[in-house]
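Report on the structure given below.
Every value quoted in this text rests on a predicted model; they were computed, and no experiment measured them. Chain identifiers are assigned alphabetically (A, B, ...) following the order of the sequence lines, protein sequences preceding nucleic acid strands; residue numbering begins at 1 within each chain.
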2 protein chains.
Amino acid sequence: MYCISDLAEEFGITTRTIRYYEELGLLKPSRTEGGRRIYSSSDLARLKLVLRGKRFGFSLEEIKEMVLLFDEDRTGEKQLKVTIQYGEEKLAEVNERIAELVEIKEEIERLMTEFKGRLEG
Amino acid sequence: MYCISDLAEEFGITTRTIRYYEELGLLKPSRTEGGRRIYSSSDLARLKLVLRGKRFGFSLEEIKEMVLLFDEDRTGEKQLKVTIQYGEEKLAEVNERIAELVEIKEEIERLMTEFKGRLEG
DNA sequence: TATAGCATTGACGTTAACGTAAAGAGCAAG
DNA sequence: CTTGCTCTTTACGTTAACGTCAATGCTATA
């Protein structure tokens, strides 16, 4: 169990950010009798997921969709199918982003070798 | 040669966006006698680069750095070395982002196969 | 129990990346 | 040449993702 400033330090973000994520429904820590937030290790894992999502450009709303998706009741078959459908869409998105990044990478590499050639030549 | 609305339609963005990019120094179209913007195919290529940069999460300021970098006078050896240095930093960034994306991809895939297993099992 | 140090909830401020509206000028078609 | 559409600049508005007080409350410790 961690308090909010523990989490903040651990992940290198501010407490304001953590409260904001909660405001958006991304986190749901329990509370002490006095009203202070306490975070379990599953809250911690959740936050880790959120931050990773952010790092490669998803909006907090998109991230919310994703984390809530894997959080709802998924006992029914229909629900499960919808989840799989959605997951595959996200997977396609991710694959597209990877492909684009690889293109950029190659473009930069081409430029770099050209410049290096100029230096030596 | 294209006018501003041609570009907008071509790329699915607004004319405001295009003017904003010019405001930031990302584009420098020539003008007609009457003051209207005209875009060459190199301006078009430039815009394509900008949009690609955006799609995977770079800020317009970062993108500006990158496009201006490959645009300046790079005749001097010193300048060339700096350029290569900078390019390699960007390359490292891109590689990191790719690695992260691949991790996410695998995480989603694991979840998907798990869910599918539940459906069949 | 008093106090120092985090915690809480408002609530207003900030920045990037545009949206939108106004007032005027260019330009092709009739 | 005038009508109608597109373009121009100027300028204020908006949204996401927080930053930054301010006023107040909990709590460990001396």
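- Between A/Tyr21 atom OH and A/Lys64 atom NZ the span is 14.0 Å, to the nearest 0.5 Å.
- Non-hydrogen atoms lying under 4.0 Å from DNA chain C are contributed by A/Arg31, A/Gly35, A/Arg36, A/Arg37, all within residues 27-39 of chain A.
- Distance A/Arg19 CZ to D/dT20 P: 14 Å, rounded to the nearest Å.
- Taken from OG1 in A/Thr15 to CG in A/Asp6, the straight-line distance is 12.0 Å, to the nearest 0.5 Å.
- Per the geometry, CD belonging to B/Glu23 stands 13 Å off P belonging to D/dT8, to the nearest Å.
- Within the 3.5 Å criterion, the main-chain N or O of B/Leu44 finds no donor-acceptor partner in the side chain of B/Ser41.
- Annotation: A/Glu9, atom CD; neighbour count of heavy atoms from other residues, nucleotides and ligands within 6.0 Å does not exceed 12.
- Once you apply a 4.0 Å limit to the heavy atoms of chain B, the touched nucleotides of DNA chain C run 5' to 3' over C/dA17 to C/dC27.
- Between B/Asp43 and B/Leu27, the shortest heavy-atom contact is O-CD2, 3.9 Å.
- Residue B/Glu62 places its CD atom among more than 12 non-hydrogen atoms of other residues, nucleotides or ligands, all under 6.0 Å distant.
- Taken from CD1 in B/Ile13 to CG in B/Leu7, the straight-line distance is 7.0 Å, to the nearest 0.5 Å.
- No more than 12 heavy-atom neighbours from other residues, nucleotides or ligands sit within 6.0 angstrom of CD on A/Glu96.
- With respect to B/Glu22, the salt bridge (charged side-chain N to carboxylate O under 4.0 Å, His left out) criterion is satisfied by exactly one of B/Arg37, B/Lys28, B/Arg46, B/Arg16: B/Arg37.
- Among the heavy atoms of the strands lying under 4.0 Å from A/Ile4 are primed sugar atoms or P, OP1, OP2 only; no base atom is included.
- Residues of residues 6-16 of chain B that place a heavy atom closer than 4.0 Å to DNA chain D, in numerical order, are B/Arg16.
- Between B/Ser59 and A/Glu22, the residue anchored closer to the 5' end of DNA chain C is A/Glu22, taking for each the nucleotide with the nearest heavy atom.
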ask   = Please walk me through it: do A/Glu109 and A/Lys105 pass salt bridge (charged side-chain N to carboxylate O under 4.0 Å, His left out)?
value = CA-CA 6 Å; A/Glu109 276 170 347; A/Lys105 172 187 149 89; 3.4 Å; yes

